[in-house]
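Here the structure is a predicted model, which is why all the values come from computation and not from measurement.
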Amino acid sequence: MIAALALTALLASAPSDAATPHASYPRMVSANGLGVVVFTDRDDGSSVLDRFSDRLYQQRSASEGLVRDLLYDAYFGLRIGTEAGQWLVEGEADYLPDSPIISVNRSRDGLRLTERIVAPMTLDQPGYVQLLQVHNDGTTATAPVSVFVLQNHHLGQPAGDGQNTVNERILWADGALQEWGDTTGLGMTTLPLVPADRVGCEGAWQAVQEGADLDLSCDRSGDDLVGVLQWELGSLAPGEVRVVGVLHAFSSGWSTAGMPDTLRAWAGSATPDALMAQEQAWWAAWLAESVLPDGSFTAEELAIHDQALVFLKMSQVREPGASFGQIPASLPASAPVGEFQHEWNITWVRDGAYAIAALSLAGHHAEAQAALAFQIQPGCCGDYASYLGLPDYAISACRYYGDGTEWSDSDADGPNIELDNFGLYLWAFVQEVRLSGDLAFAEAHAEALLGGVADRLAAADDPSTGLVTADSSIWERHWNGRQKRFTYTSLWAVVGLREAAWLADQLGQGARAEGYADRADAIAAAIEASLVDEDGVLAGSFEELQAGGSYLDLAAVDAIALGVVAPQGAIAQASLDRWLRDLAVESGGGLRRNDDGDLYDLQEWIWADLRAAAALRRACREPEADRLERWVLDNALLNRRIIPELLHPETADYAGPAPMMGFGSGLWVLGLHDREAAASACAGDDGGDDSGGLDGSTGSDGADGADGADGADGADGTDGTDGGSASTEPGAGNPPSAGCGCSSSPAPAALLLLPALFGLAIRRRHQP
């Protein structure tokens, strides 16, 4: 304990030469579940929209290519009087609070220029809105003001430079600018939301630079075509505001005919400002339905919480059919890691589980159930059964294509096959059932869930250790001798099988429930027997521990956060001490994921920071947890409330994809919702059990039925939407998260609070 206290003091104050939180991430994304647009602060000092895709995921199927980037750039321009025009490609950008609306602030010659960009959730197709508010903040009237908007969509065939610019067609027709690829069939329609005065499609960029009006000609075929619209605003009196805007929307099929009418029907008679207000109102209403975390939080913590929910919602695919409901790990925006730049707009089971659990906790059950249903579609999976020695299984052993079919990346060492997915999925599924009280949802998927996931996981037994059989696990180490008996896979098997035992019992399948519980207990015992070193530290895998040397891996931290090992016990305390000492990054901020030493391993992982913080809270080491969470919070506050995959280990610059969904936004929501329960457990309010604040024998008693959830739907809580004010309303109690109810062994620790299932009030926001 003395060593732990000393380490707490060391970590509470970062070294004097440590990196400090700072702005470092150049991108913002807005998505509506159908399309995604990216705003970038470029290295040349410009800040513009420079990416748009008509799908959120990376690849629809194994037989199709990557989803294309359809936009080179799009931005407004301004001319005052007879001066040369200037393109508005510099400015300060941020999200409007609690929304995906990007707001860019600029000023020119006494005019305040506010640009707003959003992919509207109220629009049922891929697209985005740009508007520009022109404010005369001066004391005299302006000279006549002209506003322009340029859009350089890339809809043609690939050119030699890799841009899709060959054989395009563009024209002004039916009150809209329409462009498509002659051979690709990809089209974009740009509808002015205020009637445009002029249009130009040849030499328009240079004409604006030279102070000329557009020439009204726009009917061209060729390569790399660009269209520009022009509005004449006239003179603006002091204090006067004028607004213009456009709606860009995607279509396919070699023509954009009919699209202008479709877009006009959506916009109606609303002004651009009114459409933006409509979008803000949609998000305010959706967030008003969220369940707040129990306890008191700062305005800053809740601001990140609400923005995290916005990111999760806007990233859930709304495309009808098999793609519906999935939540990719990120959207197509990232910062480089050394010479490697990667994008993770791919749907993984693992990332999805953390995201789904966060949505369930926040009371967004329709979204959580849609994401769960996507991953367990009939016939989606089972391609790697021969590797595992198991019959067909019902969820992906790695990740999914956009159409819901199984996908595993392979290299010289073979594919990634990840049995941790099975435990994670079971946990996320059953937590949704517990929190929603929707047993009918479980019944609809019962055989796939129990037969295709839980039965398969229970059978994945390594007889020599009692652990789960070797796999690729969380860090995706591939196959062909690289698979190992990973701690992360086994700990999640314990959690998932205990949750499956509870659900099987609820469904009247007692024999299955007993088998799952017994197997979970056996794996938990094997973890302590086979995966702990002589100092009581959890190793990352059985093979690494046997080899000696590099076996530290923060993936094992979920064993503490989830109570698979007692959070206040010797193994948890020794493991946390070692990880915090030996896996700290050079910046003085957070933690790397393990000690394996490749480029990816050496980065600071936000997953590691936030899961370590959750475990530290369960281990009653609150100051250390506070420091890690505050580090993530302060960086997010300076980077537009975005939580990334990685930070550079020395500079703490953002790296990798951002915002991350399950591994970023989801984890932040989970952490806030778990905080009060962890504090209660440490205060002894749970009766002294140190398995993460749970009593495995009491969980299912209060969870037997859905009545509690029904009653909670009408419960009101603090507003929390007016500027992110901190919630100080007393909680209605600190209920434990239920165990499996089938065994006297410790149940998984409460990542999730379950007030609805214990007849306690859920704190919702009031409707605005």
Side-chain angles (χ1 to χ4, degrees), residues 14-30 36-51 89-97 100 102-106 117 300-301 303-304 307-308 310-311 315 329-345 583-593 599-610 612-613 627-661 663-665 667-668:
S16 59
D17 59 347
T20 57
H22 57 281
S24 62
Y25 188 56
R27 292 182 174 84
M28 303 173 71
V29 290
S30 185
V36 55
V37 64
V38 180
F39 181 89
T40 302
D41 297 325
R42 292 170 162 174
D43 291 340
D44 63 5
S46 62
S47 298
V48 298
L49 290 175
D50 67 352
R51 179 165 186 160
V89 294
E90 297 175 356
E92 296 295 326
D94 201 350
Y95 288 106
L96 294 184
I102 301 167
S103 181
V104 190
N105 296 314
R106 304 178 174 97
I117 304 152
E300 293 172 332
E301 289 172 325
I304 303 302
Q307 194 67 42
V310 167
F311 289 146
S315 300
S330 72
L331 291 174
S334 68
V337 180
E339 296 180 356
F340 172 50
Q341 185 157 357
H342 54 288
E343 294 173 353
W344 292 148
N345 53 325
L583 297 180
V585 296
E586 294 84 345
S587 71
L591 302 162
R592 59 178 53 92
R593 66 185 188 182
L599 175 65
Y600 216 13
D601 297 325
L602 291 172
Q603 308 305 306
E604 177 179 346
W605 278 74
I606 297 299
W607 183 94
D609 294 347
L610 292 178
R627 193 197 72 81
L628 283 172
E629 287 181 351
R630 185 74 213 187
W631 170 249
V632 175
L633 173 70
D634 286 345
N635 276 287
L637 290 171
L638 293 170
N639 286 277
R640 299 150 169 167
R641 300 180 296 289
I642 294 169
I643 299 177
E645 180 190 34
L646 311 168
L647 297 178
H648 189 283
E650 296 175 356
T651 66
D653 286 349
Y654 272 39
M660 285 293 282
M661 300 308 152
F663 271 30
S665 296
L667 292 181
W668 184 263

Q. Any side-chain donor-acceptor pair under 3.5 Å between N635 and H22?
A. no
Q.
Are the side chains of T40 and V48 in contact, using a 4.5 Å heavy-atom criterion?
A. no
Going from [atom1] on [X] to [atom2] on [Y], what distance comes out if it is rounded to the nearest 0.5 angstrom?
X    : Y    : atom1 : atom2 : answer
Y654 : E604 : OH    : CD    : 10.0 Å
I643 : D609 : CD1   : CG    : 10.5 Å
L610 : W631 : CG    : CH2   : 13.0 Å
S47  : R27  : OG    : CZ    : 11.5 Å

Does [X] pair with [Y] as a salt bridge, N-O distance under 4.0 Å?
X    : Y    : answer
R592 : E586 : yes
D601 : R593 : yes
R51  : E343 : yes
E90  : R42  : no

Q) Is the number of heavy atoms from other residues, nucleotides or ligands within 6.0 Å of CG (D43) greater than 12? A) no
Q: Return the orientation label for the W344 and Y600 ring planes: parallel under 30°, perpendicular over 60°, tilted otherwise.
A: tilted
Q) Under the side-chain contact (heavy atoms from CB on, under 4.5 Å) test, which residues partner P26, sequence neighbours left out? A) D41
Q) So, do F39 and Y95 have ring centers that fall under 6.0 Å from each other? A) no
